[in-house]
Structure formats: C-alpha cells, structure tokens
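Notes follow the structure.
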Amino acid sequence: MPVSSLFDYDVAIVGAGPAGAACALALRHSGLRVALLDKARFPRDKVCGDAIPGQAFKALRQLDPAFVEALWQLQPRDDVRDSRLVAPSGTSLTLQWTLPSFNSPRETFDAALLALVRQHSATEILENTGLKTLQIEPDHARLTTTEGREITAQLVIGCDGANSAVGRKLLPAPLDRAHHCAGVRAYYENVAGASSGTTEFFLSSDYLAGYVWLFPVGGGRYNVGLGMLAEIVSQHKVDLKETLTRVLATHPELAGRFAQARALGPIVGFGLPLGGGRVRNISGRRFMLCGDAASLIDPLQGHGIDTAIQSGILAGTQAAACFTKQDFSAEFMREYDARVAHQIGRKLAKSYRLMRFLSNKAWLVNAAVRLARVPGLKPWVQRAIG
C-alpha cells in the first residue's frame with residue numbers, strides 16, 4: 001500500500017469516541033500511520049443515555065471477537081434483556097431484545113474502547129489535543145491544534161461528535177431543528193421499582209416528540225433523561241431541565257419512584273443530530289465524517305453508538321482503499337457515502353418517518369401499545385420500533 005513519508009501521518013482521526021476508536025481498530029492491519037486526536041483526556045464523561053446497542057457489539061465482533069469479550073468485562077454495567085414502554089395512557093408494554101446489549105456510563109465504555117486501540121494497534125493517540133484549524137491542500141490535510149502544533153496527513157476522518165469541528169470547517173450547515181434532538185441527563189440512585197436488565201421509556205402527550213428514559217447502568221445507578229425534538233423545544237420555549245425535574249415529581253408512575261431518589265450530580269444537556277433527514281454529503285476530497293458528526297443518531301430510539309461504530313469501520317475500509325488506489329478525490333469518497341446510506345441510512349430514514357408520524361398522535365401510541373398486548377401482534381410492534 002503506497003504511503004508517503006512527506007507528512008506526519010497517513011490518516012488523522014479527529015475524535016476518540018466510539019466512531020474514532022472503531023475506525024482506528026479497522027485500520028490496525030493496514031500498515032498506515034494513524035493518529036487519533038481528542039480534545040479530552042480519557043476517561044472523560046460524555047453526556048448520553050449510556051445504552052450500548054447490540055448492533056455495536058455485532059459490528060465490533062466482525063473486527064475481532066476478542067474486542068467484544070473484553071468489553072463484556074466492564075464494570076459498572078447493566079446487562080439489558082428487555083425494554084418497557086409506557087404509553088401516554090399509562091398502559092405499558094415490555095419488549096424482549098434478541099441481541100445481547102448492556103448499559104454502561106460512557107466514561108467507562110469509551111475509555112475501554114480506546115484501551116483496545118492502545119492494545120491492538122500502533123495508532124498514536126493524542127489526548128488533550130483539540131482541533132483549531134483545518135485546511136485541505138491538493139496533496140494533504142493540514143491541521144493546527146489548540147496548543148499550536150501543526151499536523152499533516154493525507155486523509156482526515158472526523159469522528160468528533162455532534163458539534164464536529166471537522167464538519168463545521170469542511171461541510172458547514174445551519175442547524176436543522178426538524179432533524180435535531182435536544183436532551184438532558186442526570187444520574188440517580190435509590191430509584192424505587194427499577195429493575196436491573198430493563199430499560200424504561202415514558203411517553204406523554206406533553207412531550208410526544210421525545211420521551212423520558214430510565215436506564216440502569218450498574219452499581220445501583222440510573223441514567224435518567226429527557227429528549228425532545230429541537231423544533232418543539234424552540235417553538236414552545238421548553239426548558240428541558242425544568243421539565244425533567246417536574247416530570248419526575250408529578251408523573252403518575254415516576255413521582256412515587258423518585259420520592260426518595262438521590263441525584264448524583266446536576267442535570268446536563270446535549271444535542272443529537274438525527275439521521276434519516278435529507279440526503280447530505282458526509283465526505284469530500286481527503287476527508288470523511290462518522291457517527292454523530294455525520295448525523296447518524298436513530299430518530300426513534302435516540303441511540304448512536306452502534307451507528308458510530310459501524311460508520312467508523314466503513315470509514316476505515318474506505319481509507320485503506322484510498323491508499324491502495326492513491327485516490328483521495330471527492331468522487332471516490334462517495335463510495336463511503338453510498339455504503340453508509342445503504343447499511344445505516346435506510347433504517348434511520350424509516351425511524352425518522354415513524355417518529356414524525358407518531359409525534360403528535362398520543363391516541364395512536366396508546367392504540368399500538370394496546371394492540372401489542374393481543375397475542376400474535378407483539379412481534380409486529382417490536383419490528384416496527386426496531
């Protein structure tokens with residue numbers, strides 16, 4: 001595979017979360033000189049629901065089953081067997097999941113994934129290294145860090161999250177609130193009636209374009225949050241932190257369960273760029289975007305770790321092909337866009353359409369939950385949800 005010694009690295013991956021770590025692991029046997037940059041030092045908190053979907057492990061297993069076995073040793077974690085959906089009417093439905101999955105704080109999970117990169121690849125990991133400027137030159141990319149260091153590479157892969165510096169510099173776009181979710185999250189302990197192995201979702205006519213979640217993450221801790229479509233937040237000037245506090249105090253089921261609960265820190269906010277929207281480029285000459293930076297969050301369930309890992313692996317495959325063919329053109333990069341659209345985008349588009357369809361129809365959500373309790377119909381509902 002032809003590489004050049006004229007530049008510091010062959011590939012610079014910006015962002016060491018699940019997408020960046022998966023990309024580095026996918027390139028571990030490529031012979032390329034890879035740098036993995038992140039503005040933080042790990043372990044670091046990442047505001048999220050902390051659910052690690054089964055599809056994430058399925059993708060990592062294709063790289064090496066040992067990666068998955070190592071991650072299943074993490075503590076704290078809570079192995080998820082089923083999800084409980086509570087409709088606006090108060091009727092509940094429990095769905096069993098077939099792929100093994102668990103919840104674990106992102107501080108723990110992301111650090112463990114990065115540790116696999118250290119152990120199984122020659123990637124140079126540059127923590128506490130933020131991206132200040134990025135320029136695509138004819139034969140390389142030139143990055144300047146927040147510390148003033150200049151880094152050159154033939155290819156840049158942006159895995160740096162919802163507020164991606166790579167995306168802002170190379171593919172700037174206005175915020176599309178119809179395809180963006182705002183969320184808040186806090187950790188609690190001593191939550192009454194919460195079951196290990198069960199994630200819970202609470203829908204209400206007050207916040208149908210979103211939901212409240214309650215996820216056990218191990219060690220007696222619970223990730224509790226509220227997500228809502230950004231256009232609803234903007235139109236109705238919703239204070240999500242106040243709304244979550246009020247819901248936990250007044251919801252017919254949650255009020256009693258949180259009466260003696262103890263918050264383990266403040267409620268913090270985050271943004272989620274949803275997938276399934278209008279078709280957009282996620283690559284160009286000498287660069288690609290992955291994960292949240294490429295707007296690959298599932299609009300219905302709100303998870304994105306699985307799509308981040310999947311897209312990171314696809315970007316690694318494309319990067320290797322670029323060096324084999326010595327082709328870093330925008331046209332050749334579109335092969336990456338096409339694979340992401342085929343393997344990830346179609347499902348996200350389906351989820352987005354279903355989310356928008358149900359978002360203002362409390363009666364339909366109530367009816368669907370009732371129907372799912374009819375023998376034989378539950379599998380259909382579970383397939384529709386994903």
Side-chain angles (χ1 to χ4, degrees), residues 10-15 17-20 22-24 26-27 37 59 131 133-143 153-181 230-231 271-299 304-353 356:
D10 300 309
V11 180
I13 304 171
V14 181
C23 187
L27 288 168
L37 294 66
L131 180 64
T133 67
L134 172 59
Q135 183 68 37
I136 301 296
E137 306 288 354
D139 61 345
H140 70 283
R142 187 177 303 275
L143 303 82
Q154 293 193 72
L155 181 64
V156 174
I157 303 177
C159 303
D160 48 341
N163 195 32
S164 168
V166 177
R168 293 198 315 271
K169 296 177 190 306
L170 300 181
L171 287 175
L175 176 66
D176 182 359
R177 289 188 172 89
H179 295 90
H180 196 274
C181 178
E231 68 176 2
L272 296 171
L274 303 178
R278 63 180 184 274
V279 178
R280 55 165 292 201
N281 291 336
I282 55 173
S283 70
R285 181 166 58 92
R286 295 191 179 275
F287 76 91
M288 291 174 274
L289 301 178
C290 303
D292 291 8
S295 300
L296 297 180
I297 298 287
D298 186 289
I305 296 175
D306 52 343
T307 53
I309 289 174
Q310 290 164 354
S311 61
I313 293 172
L314 290 174
T317 300
Q318 180 67 29
C322 288
F323 282 91
T324 297
K325 294 181 176 293
Q326 284 296 290
D327 189 344
F328 302 90
S329 66
E331 292 74 20
F332 189 55
M333 290 299 182
R334 291 196 187 105
E335 293 188 3
Y336 166 71
D337 293 49
R339 291 190 186 98
V340 170
H342 176 73
Q343 298 185 31
I344 302 173
R346 292 191 301 178
K347 179 179 181 297
L348 297 184
K350 173 187 171 184
S351 292
Y352 184 80
R353 290 193 298 270
R356 293 301 305 219

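This is a predicted model, so every value here is computed, not measured.
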Checklist line | Gln343 side chain vs Val340 backbone, donor-acceptor pair below 3.5 Å | finding: no
Next item on the list: Using modelled atom types only, decide if a donor and an acceptor are shared between the side chain of Ser351 and the backbone of Lys347 within a distance under 3.5 Å.
Entry: yes
Margin query: Heavy-atom count check: over 12 atoms from other residues, nucleotides or ligands less than 6.0 Å from Arg168 CZ?
Written below: yes
Check: Going from CD1 on Ile313 to SG on Cys23, what distance comes out if it is rounded to the nearest 0.5 angstrom?
Finding: 9.5 Å
Next item on the list: Output yes when a side-chain donor or acceptor of Ser295 lies under 3.5 Å from a complementary backbone atom of Pro273, and no otherwise.
Entry: no
Check: Atom CD1 in Ile157, atom CE in Met288: separation rounded to 0.5 Å?
Finding: 4.0 Å
Margin query: Using modelled atom types and a 3.5 Å cut-off, is there a donor and acceptor pairing between side-chain atoms of Tyr336 and backbone atoms of Thr317?
Written below: no
Next item on the list: Measure up the Tyr352 and His179 rings against each other and bin them: parallel (under 30°), tilted (30 to 60°), perpendicular (over 60°).
Entry: parallel
Margin query: Tell me if a side-chain donor or acceptor on Asp337 pairs with a main-chain N or O of Asn281 at a distance below 3.5 Å.
Written below: no
Checklist line | Polar side-chain atom of Gln318 near backbone of Phe332 as donor-acceptor pair, under 3.5 Å | finding: yes
Notebook entry, point to check: Under 3.5 Å, is there a donor-acceptor pair between the side chain of Arg286 and the main chain of Pro138?
Noted result: yes
Check: If you measure from CZ on Arg339 to CD on Gln310, what distance do you get to the nearest 0.5 Å?
Finding: 14.5 Å
Notebook entry, point to check: Under a 4.0 Å N-O cut-off, is there an ion pair linking Glu331 with Lys325?
Noted result: no
